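Scroll down for the structure; my scribbles are underneath it.
In each ligand, atom 1 is the first atom listed, and ligand 1 is the first ligand listed. Just so we're clear, the structure is a prediction, and the values are computed from it rather than from any experiment.
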Amino acid sequence: MSTRFHKFGLALLLLLVAAGAQAEIKYVLLFIGDGFGPAQRELTETLLGRKLMMSTLPTAARTGTDNYGGTVTDSAASGTAIACGVKTNNGVIGMDHELRPVASLAARLKERGFKVGLVSSSPLNDATPAAHYAHQPSRSMLDEIAAEIPATGVDYLGGAALAGNAEASYAMLQDNGYTVIAANDALTRLPDSDKVYAVAQPFTRWTTEQASSRPTLAEHTRAAIAQLYNPDGFFLMVENGHTDYAGHSNDAGKLIHEVVALDEAVQAGLAFQALHPQETLLIVTADHETGGLNIDQMKAALLPLLRLQKQEIGAIAGEARQRLKDSKLTTAAGLVEFFEDQLGLAQQPFTAVERQTVITALGGTDADQSGLAEHLDDGLRAAFRCRDARLGIAYTTGGHSGAKIITNAAGPGCELFAEPLENSDIPQRIEKAMSQHAD
Ligand SMILES: [Zn+2]
């Protein structure tokens, strides 16, 4: 072989290597923790004694979430910012502040031949997923939002059921060629076709032994990726809405499990990225913080107490209410004991002061069953606050806060996700990364 040919061969090889490094971004994975701020992340990481996978991604940027008016956002305005790249008013889905429809990144990618998938533990016509396909002045227009799924051509939906008139919406989807499988084992029965909705409420494990017939958010993520994977590319959004529910109910015990569930879904995304590193951009973000969680005085050594909580606050309230109704609980003292048991404080019972705080919130020692039922939620919240105070953590609101959240990114173009970042920058930067890493 001549030297000249060798040189040509080397040049060709270098060209191929360069082309490989400049491979097109074909897979965009966007993970959203609803109501998931830096304090929620740090609390969970301190308890685990390790970083979450999402915190090990190459870039991290504090991200502003304020709405168009510069005030605290809701999931509709922030969902629209993340999906469509515009700041809008609270309650508005996929429209700007003058109610002009704005195309989402998902819709634009769909037009370029990408498949689009949405997975959430919140209803798939709730604000965060809705912003990727719908354009409505109010997030409460649930049926109108669901009706827009076919027009945007969402290829795959997985997770929670639809809210609103769900049965009519499923019939509408089926009329538009969707296969709707509503069953706990839906993921094992996915058809080999486009346009699928796997309705199976994601299950979040509270202990490693806990099993369920329902799939986890990570299992939903893997199923969605398998269903969407194709040579022309896909966009997948995965949301855990329950991090937000934990914040609204000031339930740190639920929160830590939901954060881990989100991180396990991120791990499923990273496993896919490891197979397609040059072609996959993976983003983890949040729409806002919920609960105003303050961890400044956090006592790291005591945090494992959160793992002893038996069920989420709403379930504890429901069980207590039933026991009052059935006269299995009749006194404030009995309720306090029940709360202690549910919070896993049997070995470390309430102090006299804590006990008095909870009893006062329940209406005092003389409260009768109907009085106890009336003040049940106040008493239970007091019990949670006493537990949290031991841990040096405190919620400051039942609503959203204006705290900046963190956006992590990995993959080609991830360096574009640097500070300063606003939530509305996210889709533009994804598109910029895609144009920089185009053929
Ligand atoms: Zn919320």
Side-chain angles (χ1 to χ4, degrees), residues 30-41 43-44 63-84 87-94 118-132 134 136-142 145 159-164 201-202 204 217 237-259 261-262 265 284-294 312-314 317 377 381 384 394-407 422-424 426:
L30 174 64
F31 293 86
I32 302 175
D34 202 314
F36 177 54
Q40 281 78 358
R41 188 187 290 234
L43 175 73
T44 310
T63 307
T65 66
D66 283 352
N67 63 18
Y68 175 78
T71 57
V72 175
T73 190
D74 74 338
S75 291
S78 58
T80 298
I82 295 168
C84 308
K87 296 269 189 185
T88 191
N89 294 318
N90 284 1
V92 177
I93 301 285
L118 303 170
V119 167
S120 181
S121 60
S122 285
L124 273 289
N125 52 349
D126 196 11
T128 306
H132 293 272
Q136 297 292 342
S138 169
R139 62 185 290 172
S140 61
M141 297 165 73
L142 294 164
I145 288 171
L162 289 175
Q201 179 64 46
T204 295
L217 193 66
M237 190 280 315
V238 177
E239 181 205 20
N240 191 357
H242 281 251
T243 37
D244 181 56
Y245 302 164
H248 282 296
S249 58
N250 289 184
D251 184 346
K254 174 182 171 75
L255 172 76
I256 54 165
H257 304 300
E258 296 299 345
V259 172
L262 173 66
V284 185
T285 191
D287 57 353
H288 51 74
E289 196 273 350
T290 304
L293 181 60
N294 183 332
E312 61 182 48
I313 191 168
D377 291 333
R381 269 192 221 106
F384 268 69
Y395 284 97
T396 56
T397 173
H400 300 169
S401 81
K404 290 196 181 218
I405 56 84
I406 299 170
T407 300
E422 283 294 318
N423 54 4
S424 52
I426 290 171

What protein N/O/S atoms lie closer than 2.8 Å to the Zn ion (ligand 1)? Asp244 OD1, Asp244 OD2, His248 NE2, His400 NE2
N/O donor-acceptor pair under 3.5 Å between Asn67 side chain and Ala77 backbone: no
Using side chain to side chain contact (heavy atoms under 4.5 Å, CB included) as the criterion, list what pairs up with Asn89, not counting sequence neighbours. Tyr68, Val92, His97
Under 3.5 Å donor-acceptor, Thr204 side chain and His257 backbone: no
Heavy-atom donor-acceptor pair, Asp251 side chain to Ile313 backbone, under 3.5 Å: yes
Would you please name every residue forming a ring pair (Phe, Tyr, Trp, His ring centres under 6.0 Å) with His242, sequence neighbours left out? Tyr245
If the condition is side chain to side chain contact (heavy atoms under 4.5 Å, CB included), which residues does Asp377 pass it with, not counting sequence neighbours? Ala317, Arg321, Arg381
